[in-house]
Amino acid sequence: MPSVVDIRNLSHHEGESVRVQGWVYNLRESGKLLFPIFRDGTGLVQGVVVKSAVPAEVFERVRSLTQETSVRVEGTVRADARAPGGFELQVSGVEAVQAVPVDAPYPITPKEHGIEFLMDHRHLWLRSSRQHAILGIRHEVIKAARDFFDDRSFTLVDAPIFTPAACEGTTTLFEVDYFDDKAYLTQSGQLYNEAAAAAVGKTYCFGPVFRAEKSKTRRHLTEFWMIEPEVAFAGLEDICKLGEELVAFVVDRVLSRRSRELETLERDPARLEPCRQTPFPRLVYDDAVKILQSKGSEIQWGGDLGGADETLLSQEFPKPVLVTHYPSQVKAFYMAPDPERPELALCVDMLAPEGHGEIIGGGVRLADYELLVKRIEENRLPRAAFEWYLDLRRYGAFPHAGFGMGIERVIGWICGLEHVRESIPFPRMLYRLTP
Ligand code: 4AD
Ligand code: MG
């Protein structure tokens, strides 16, 4: 029996008889010829069946294949310049593993479907070429980000998902029953990263985080994945550099390893090309506000940048832009103040080009015990839940800084997606909890 070959490797088997296992993507009929297209997760291959060359029952069996029927196919690999991919499979036999019934066909057809229909069928929609390409790029982005930190001697230390208190403001907390108590789904692993940084120096965590975002924007998910480095004795400049190097590394990886996926997505690589190189442009918040006002934004000094502001600003630059030194009042309780201007935070947001919004948020952490206690009180956070965090300021307090990069926003930008919902296999949003 011929051995099973991945479609992506068929070119190494020219002239050989092979087996392919997968699904029927499409079927075209042209007189005495059948052109089924098979996919197996590694690629697509066009099959050819010549009526006169196979037993009548094989021809009929191929002819009756319905879309997404699972199959085992046998055939000979032939080079053919006209075939997509340069090779085709001269089919000699086919076995339907599960035939999709003619009267209950696969719901996603080549015709146009509305986004809600596709989202309801997300479990099937993932099989399409476009979603397949996004899955491949997601894999590459995650692998690249992990390699980046692993190669720089960061130790991965996982943070918990059930937590006793808020990290990023109390308005977006998901509360869950925890036996006779309450717990919250984590908004960020940062606080735990800070403990880990004191243990290993340079650390990162990578996992799902949760925000009860009531906003229905193209950038917000309620469950998303964040990679978060934290570095002992680092300052703002150190993590700005780390952030831009990370993003440049990820973009470089995708450009060099996933050009085919970008092509499937009709994403022009020239738009990403400049982002392979550091440094990225920098702006202080004061100047960002001036630029925005000159472009017609309503923003006043002291306010946070809105989604529209981020889009306006990002359109000024071909690369991601780093905005630093926001007013402390719009940032989280743990942000260290700028010693020169204490009303400002030593923080950084990185905004992706083309209006994809903030991809990185981070800064220097408050290392001072008294000031941190004051901030916890001002923010009406439950002091008891933060005692362990305060210990980090009681026992060998140290300057440190870090950031979080939202994986889906990065994928959305790199893939040029209209909405972040396509950048995660099964998106969770205000109005979507299924499939
Ligand atoms: O700016 P954020 O809220 O920062 C933190 O959580 C810090 N504690 C991270 C740290 O310093 N270790 O979130 C970080 C990033 C944002 O820049 C954005 O990319 C992404 O997470 N993000 C979201 N992505 C999708 N949907 C949402 N609702 C998001 N909220 C934040
Ligand atoms: Mg932020």
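Whatever order the structure lists ligands and atoms in, that order sets their numbers, starting from 1. All values reported here derive from a predicted model rather than from experimental measurement.
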Please give me the minimum heavy-atom distance between R122 and I424, naming the atom from each residue. NH2-O, 2.9 Å

Just to be sure I'm reading this right: ignoring hydrogens, which of R365, E168, M350 gets closest to atom 11 (O) of ligand 1? Compare them by their nearest heavy atoms. R365

heavy-atom search around atom 2 (P) of ligand 1 in the protein gives R211 NH2, 3.9 Å

Non-hydrogen side-chain atoms of R218 and V420 separated by less than 4.5 Å: no

Could you go step by step and tell me if F403 and Y204 meet the ring pair (Phe, Tyr, Trp, His ring centres under 6.0 Å) rule? CA-CA 10 Å; F403 63 78; Y204 73 98; over 10 Å; no

Here the atoms of ligand 1 under 4.0 Å from any heavy atom belonging to Y334 are 7 (C), 8 (N)

For I359, the atoms of ligand 1 under 4.0 Å from one of its heavy atoms are 17 (O), 19 (O)

Give the atom numbers and elements of ligand 1 that come within less than 4.0 Å of a heavy atom of G361. 1 (O), 9 (C), 10 (C), 11 (O), 17 (O)

Taking 4.0 Å as the limit for heavy-atom contacts, which would you say applies to E228 with ligand 1: side chain only, backbone only, both, or neither? side chain

Counting from 1, what ligand 1 atoms have a heavy atom of I360 closer than 4.0 Å? 17 (O)

Quick look: F224 vs ligand 1, heavy-atom contacts under 4.0 Å, and the answer is side chain

Below 4.0 angstrom from a heavy atom of R219, which ligand 1 atoms are there? Numbered from 1 as shown, please. 25 (C), 26 (N)

Are F162 and Y178 close enough that some pair of their side-chain heavy atoms sits under 4.5 Å apart? yes

Can you name the one residue among R219, E354, H356 that meets side chain to side chain donor-acceptor pair (under 3.5 Å) with T311? R219

Donor-acceptor under 3.5 Å (H132 side chain, R130 main chain): no

With side chain to side chain contact (heavy atoms under 4.5 Å, CB included) as the test, pick out the partner of V209 among E223, Q187, E168, M226. M226

Hey, does the Lys NZ or Arg CZ of R428 hover above the aromatic six-ring of F426, less than 6.0 Å from the centre and inside 45° of the axis? no

If the cut-off is 4.0 Å to any non-hydrogen atom of E213, which atoms of ligand 1 fall inside it? 28 (N)

Which is it for V410 and ligand 1 at heavy atoms under 4.0 Å: side chain, backbone, both or neither? neither

Of all the atoms in ligand 1, which lie at a distance below 4.0 Å from a heavy atom belonging to G362? 11 (O)

Tell me the contacting part of W225 for ligand 1: side chain, backbone, both, or neither, using a 4.0 Å heavy-atom threshold, strictly below. neither

Heavy-atom closest pair (T66 atom, A99 atom, distance to 0.1 Å) is OG1-C, 4.5 Å

Does G406, backbone or side chain, put an N or O under 3.5 Å from an N or O of ligand 1? yes

Shortest-distance N, O or S atom of E358 relative to the Mg ion (ligand 2): OE2

Side chain, backbone, both or neither: E358 near ligand 1, heavy atoms under 4.0 Å: both

Let me check your reading of the structure: within less than 2.8 Å of the Mg ion (ligand 2), is there an N/O/S atom from E168? no

Under a 4.0 Å N-O cut-off, is there an ion pair linking D177 with K182? yes

Taking both backbone and side-chain atoms of Q190, is any N or O found less than 3.5 Å from an N or O belonging to ligand 1? yes

Residue-ligand contact M226/ligand 1, heavy atom below 4.0 Å: yes

The closest protein heavy-atom partner of atom 28 (N) of ligand 1 is L221 O, 2.9 Å

Does the Lys NZ or Arg CZ of K319 fall within the cation-pi geometry relative to F280 - under 6.0 Å from the ring centre and within 45° of the axis? no

My understanding is that only one of L305, V289, I291, L312 makes a side chain to side chain contact (heavy atoms under 4.5 Å, CB included) with S297; could you say which? L312

